Amino acid sequence: MQRREVLAAGIMACGTLAARSTFGAFEDSSKSSDSRFKLKYAPHFGMFRQSAGDDLVAQLEFMHEEGFRALEDNRMLSRPKEEQDLIAKTLERLDMEMGVFVATGSFQDATFASGKKEFQDVYLEDLRKSVELAKRVRAKWVTVVPGIFDHKLPMGYQTANVVEGLKRCAEICEPSGLIMVLEPLNHFANHPELFLHKIPQAYQICKAVDSPSCKILFDLYHQQITEGNLIPNIDHAWEEVAYFQVGDNPGRKEPGTGEINYRNVFKHIHSKGFDGIVGMEHGNSKKGKEGERAVIDAYVDADSFEV
C-alpha cells in the first residue's frame with residue numbers, strides 16, 4: 001500500500017472518530033431530507049442579509065429554509081470564539097455542513113515561493129490554529145493561498161519551495177483529517193502577482209506533495225478567466241479536486257449572469273459522483289430582497305439538470 005493510501009485510510013478513520021467523539025451525532029438526520037438541490041451549494045454570511053437580517057443565526061436559518069445545506073465563511077478563523085461556537089452550534093442544529101474557511105494566504109508576500117523561514121513559521125502556525133478551529137466547527141476543508149511570486153527566484157525553485165512548505169502543512173493536517181484546498185486565482189482580472197493561478201499547476205503541486213490533506217479548490221470563476229475549457233480541466237484534475245466554488249464571468253455574480261453554462265457544469269460534477277461542497281463565492285447581481293431571491297432562483301435553475 002502506498003503512503004497516500006495509508007494516510008487516506010487513517011484520515012477516514014480519524015474523521016469518523018472525530019465526528020462521533022468531538023461533535024456527537026446530529027440531532028435529527030431527517031432535517032436535511034427536504035433540500036431542494038442535488039448538489040450542496042454553500043452561501044456565505046451577508047448574501048441574504050436583506051431577507052434574514054444581520055443576525056448570523058437568522059441568516060443560517062434562512063439558508064436552511066431555502067434548501068441550502070452548507071455554509072462558507074472565509075473569515076471564520078478571525079471571528080471571536082463565542083461567534084465561532086455559535087455558528088458551529090447552529091450548523092449542527094440545522095444539520096448543515098461547514099465549508100471552507102481561509103487558513104492562510106497572502107496577497108502581498110511570497111510566503112511559500114520564497115522558502116523563507118520567517119514566512120514558514122507564520123503559515124505553519126496558521127495551520128495549527130486552523131486544525132483546532134476545524135475540530136470545533138466540524139470543518140473538513142480549509143483554503144490555502146500560497147502567496148505571490150518571488151521574482152528573484154526561477155520558477156523551478158519557487159515551485160520546489162511551495163511543495164516543501166505544503167508538505168510541512170500537510171503533516172499538521174493529516175492526523176485530524178483536515179484537507180487543505182489550494183485555490184488557483186486568475187491573473188487577468190483580479191490577482192496578477194499570485195504564484196498559483198492554473199489548475200494544471202495546482203495538480204502538479206498536489207501530486208508532488210502526495211498527501212490526502214492537500215487537494216485542489218476548483219474555482220470556476222477564476223478558471224473560466226484563466227483557462228476556460230472547464231469540463232475537460234475538471235476531468236483531467238479530478239482525482240486531486242476536493243472542492244468547487246462558483247461565480248459567473250464577467251462580473252462574478254450568480255449563475256446565469258455571465259457566459260458559463262452552469263447547468264451543464266453542475267450536471268457534469270454531479271454525474272461524476274461529487275458529494276462535496278460547491279461554494280457560492282460571488283456577489284449578487286441585484287440589490288435588496290429582489291436580488292437575493294434572484295440568487296436563489298439562479299441556483300434552482302442551474303440545479304434543474306436531468307440525472
Side-chain angles (χ1 to χ4, degrees), residues 19 22-37 39-103 105 129-130 132-143 178 217 219 221 243-247 251-255 257 276-303:
T22 306
F23 308 115
F26 291 133
E27 293 177 14
D28 181 3
S29 60
S30 67
K31 287 182 285 192
S32 288
S33 63
D34 59 346
S35 175
R36 68 202 297 184
F37 300 111
L39 293 171
K40 288 183 281 192
Y41 306 108
H44 54 261
F45 289 122
M47 180 166 271
F48 303 121
R49 181 183 289 116
Q50 298 303 314
S51 299
D54 292 331
D55 181 73
L56 299 183
V57 172
Q59 290 186 44
L60 284 170
E61 290 173 341
F62 180 85
M63 294 174 195
H64 185 271
E65 288 170 5
E66 293 296 334
F68 297 105
R69 294 296 177 264
L71 168 77
E72 274 195 349
D73 184 29
N74 284 340
R75 293 183 49 225
M76 181 66 83
L77 191 60
S78 64
R79 290 186 183 277
K81 183 178 182 300
E82 312 81 61
E83 204 165 73
Q84 295 168 350
D85 291 341
L86 176 63
I87 293 168
K89 182 178 179 180
T90 306
L91 289 172
E92 186 169 10
R93 172 171 62 83
L94 297 173
D95 199 2
M96 294 174 67
E97 291 187 47
M98 181 66 211
V100 291
F101 62 86
V102 175
K129 292 177 181 177
S130 296
E132 294 308 309
L133 174 58
K135 291 175 183 177
R136 290 180 24 242
V137 301
R138 298 187 300 131
K140 301 175 184 176
W141 309 274
V142 290
T143 304
L178 185 64
L217 191 170
D219 188 309
Y221 161 76
Y243 201 98
F244 286 93
Q245 286 181 331
V246 170
R252 201 172 188 178
K253 307 300 182 185
E254 68 268 16
T257 57
I277 289 176
V278 179
M280 298 160 60
E281 196 182 45
H282 57 75
N284 300 358
S285 64
K286 301 175 183 178
K287 296 181 179 179
K289 293 182 179 180
E290 177 186 0
E292 294 175 357
R293 183 54 53 185
V295 169
I296 296 167
D297 291 343
Y299 279 90
V300 171
D301 181 69
D303 191 76

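Note that these values count all heavy atoms, side chains included, but never hydrogens, waters or copies made by symmetry. Sequence positions, counted from 1, serve as the residue numbers for this chain. The shown structure was predicted, so the numbers you read here are calculated from the model rather than taken from an experiment.
Formation of a donor-acceptor pair under 3.5 Å by the Gln245 side chain with backbone atoms of Gly279 is not found in this model. Judged by distance alone, the side chain of Asn284 and the main-chain N or O of Lys253 form no donor-acceptor pair under 3.5 Å. A donor-acceptor contact shorter than 3.5 Å is absent between the side chain of Gln50 and the backbone of Lys287. The backbone N or O of Met76 sits less than 3.5 Å from a side-chain atom of Gln84, completing a donor-acceptor pair.
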### Message
Before you tell me yes or no, could you show the steps for Glu292 and Lys286 under salt bridge (Lys or Arg N to Asp or Glu O under 4.0 Å), namely the whole-Å CA-CA distance, both residues' side-chain angles and the distance that decides it to 0.1 Å?
### Response
CA-CA 7 Å; Glu292 294 175 357; Lys286 301 175 183 178; over 6 Å; no
### Query
Should Lys89 and Asp85 be marked as a salt bridge (Lys or Arg N to Asp or Glu O under 4.0 Å) after you check the CA-CA gap, both sets of side-chain angles, and the distance that decides it?
CA-CA 6 Å; Lys89 182 178 179 180; Asp85 291 341; over 6 Å; no
### Task
Take Arg36 and Asp303, measure what salt bridge (Lys or Arg N to Asp or Glu O under 4.0 Å) needs, and give me the verdict at the end.
CA-CA 9 Å; Arg36 68 202 297 184; Asp303 191 76; over 6 Å; no
### Steps toward ring pair (Phe, Tyr, Trp, His ring centres under 6.0 Å) verdict (Tyr299, His282)
CA-CA 13 Å; Tyr299 279 90; His282 57 75; 5.8 Å; yes
### Message
Set out, in order, the CA-CA distance, both residues' side-chain angles and the distance that settles salt bridge (Lys or Arg N to Asp or Glu O under 4.0 Å) for Glu83 and Arg75, then state yes or no.
### Response
CA-CA 11 Å; Glu83 204 165 73; Arg75 293 183 49 225; 5.1 Å; no
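Tyr41 and Glu72 share no donor-acceptor pair across their side chains, judged by distance under 3.5 Å alone. For Asn74 and Glu281, the side-chain atoms include at least one donor-acceptor pair closer than 3.5 Å.
In this structure, Phe62 and Phe48 have tilted ring planes: the angle between them lies in the 30° to 60° band.
Applying the side chain to side chain donor-acceptor pair (under 3.5 Å) test between Glu97 and each of Arg138, Arg69, Lys40 identifies Lys40 as the sole match.
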